[in-house]
Amino acid sequence: MSGPGDVPVIRATGLVKRFKGHTALDGVDLEVGRGQVLVVIGPSGSGKSTLIRCLNGLEEADGGEIEIEGTPVHRASQADWRTVRQRIGMVFQDYSLFPHMTVMDNLCLAPVRAGHHDRDRARAASAGLLDRVGLRHKADSYPGELSGGQQQRVAIVRALAMKPRAILFDEPTSALDPEMIGEVLNVMRELAREGMTMVVVTHEMGFAREVADAVIFMDQGRVVETAAPADLFETPRHDRTQAFLSMIL
Ligand code: ADP
Ligand code: MG
């Protein structure tokens, strides 16, 4: 098959990022096709967060190229990055909801500000999104009144409220108590099933095996290995991948 449908939603080529002489990304390539789920694993400090942050302009890469749906954005202006961030959602480990705003206001803020919806339509759309994650009854609560798992589900639908082309997740369940991890992974599983394009940094290997189309293993700022989950978990090609998996599995 060929044609515009083949253009990856996100493509990075030779990404380099340095912090004061320390090389956090050392020539990273990746590609995420429409509807694909790419899981990124690797030890602490291997550059996973830096990679995700570069992909939506929260960090400026020092080298390489980033294309979003075929459009190069690496050297884009701040205004262009704002447009990218409206199309590429982001979910962080710490939820990053605005604590002084209700759940409903958290959800409506970006769509109203971006001019997607007026307030009434944004509220209606947000109520529908809260229904999807079973939290309609929390619309008027503040984030501090919710459990971690509930806050993260709100953070996910907040990203969805912008109708993004892809969502980037940086360890979305790492701050959660064990009993709340499942409810967040279920929402993510559902999104994947519906065809959302996702890049997910996670240590949840069960999720990766089940949901990922491809898994990237990173170490010291490089992609050591990319493979289908079954291959990467069962027959890793590199010693470093094996060593990492034997520590966490
Ligand atoms: P991971 O998410 O895989 O744990 P990070 O991307 O957070 O790794 O970090 C990769 C490397 O870059 C680490 O050595 C980290 O200390 C460094 N780093 C990340 N962010 C910064 C920053 N803002 N300033 C300086 N060094 C940073
Ligand atoms: Mg990280």
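Numbering of ligands and ligand atoms starts at 1, following listing order. Below, all heavy atoms of this structure are taken into account, side chains as well, without hydrogens, waters or symmetry copies.
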Any luck finding a side-chain donor-acceptor pair between T241 and E225 under 3.5 Å? yes
Nearest protein heavy atom with distance in Å, relative to atom 7 (O) of ligand 1: S49 CB, 3.7 Å
For ligand 1, indicate whether the residue H22 contacts it via side chain, backbone, both or neither (heavy-atom separation under 4.0 Å). side chain
State whether the side chain of S126 and the backbone N or O of A122 hold a donor-acceptor pair below 3.5 Å, judged by distance alone. yes
If you measure from the Lys or Arg side-chain nitrogens to the Asp or Glu carboxylate oxygens, is any gap between R34 and E69 under 4.0 Å? yes
Going by heavy atoms in the side chains, are V112 and D118 under 4.5 Å from each other? no
Between D219 and S46, is any side-chain donor less than 3.5 angstrom from a side-chain acceptor? no
Nearest non-hydrogen protein atom, atom 3 (O) of ligand 1: K48 NZ, 2.7 Å
Is D105 salt-bridged to R158, cutoff N-O under 4.0 Å? no
Is there a protein heavy atom at a distance of less than 4.0 Å from atom 15 (C) of ligand 1? no
So which of A24, G21, G221 gets nearest to atom 12 (O) of ligand 1, if we judge by its closest heavy atom? A24
Counting from 1, what ligand 1 atoms have a heavy atom of P43 closer than 4.0 Å? 3 (O)
Distance from atom 10 (C) of ligand 1 to nearest protein heavy atom, with residue and atom: G45 O, 3.4 Å
Show which atoms of ligand 1 fall inside a sub-4.0 Å distance from at least one heavy-atom site of T50. 5 (P), 6 (O), 9 (O), 10 (C), 19 (C)
Taking atom 8 (O) of ligand 1 as the point of reference, which of G42, S44, G47 owns the nearest heavy atom? G47
Of the backbone and side-chain N, O or S atoms of S49, does one lie nearer to the Mg ion (ligand 2) than 2.8 Å? yes
Atom CZ of R209 with >12 non-hydrogen neighbours under 6.0 angstrom: yes
I'd like to know if the side chain of N106 and the backbone of L97 have a donor-acceptor N/O pair within less than 3.5 Å. no
Could you identify the single nearest non-hydrogen protein atom to atom 19 (C) of ligand 1 and state the distance to 0.1 Å? F19 CE1, 3.4 Å
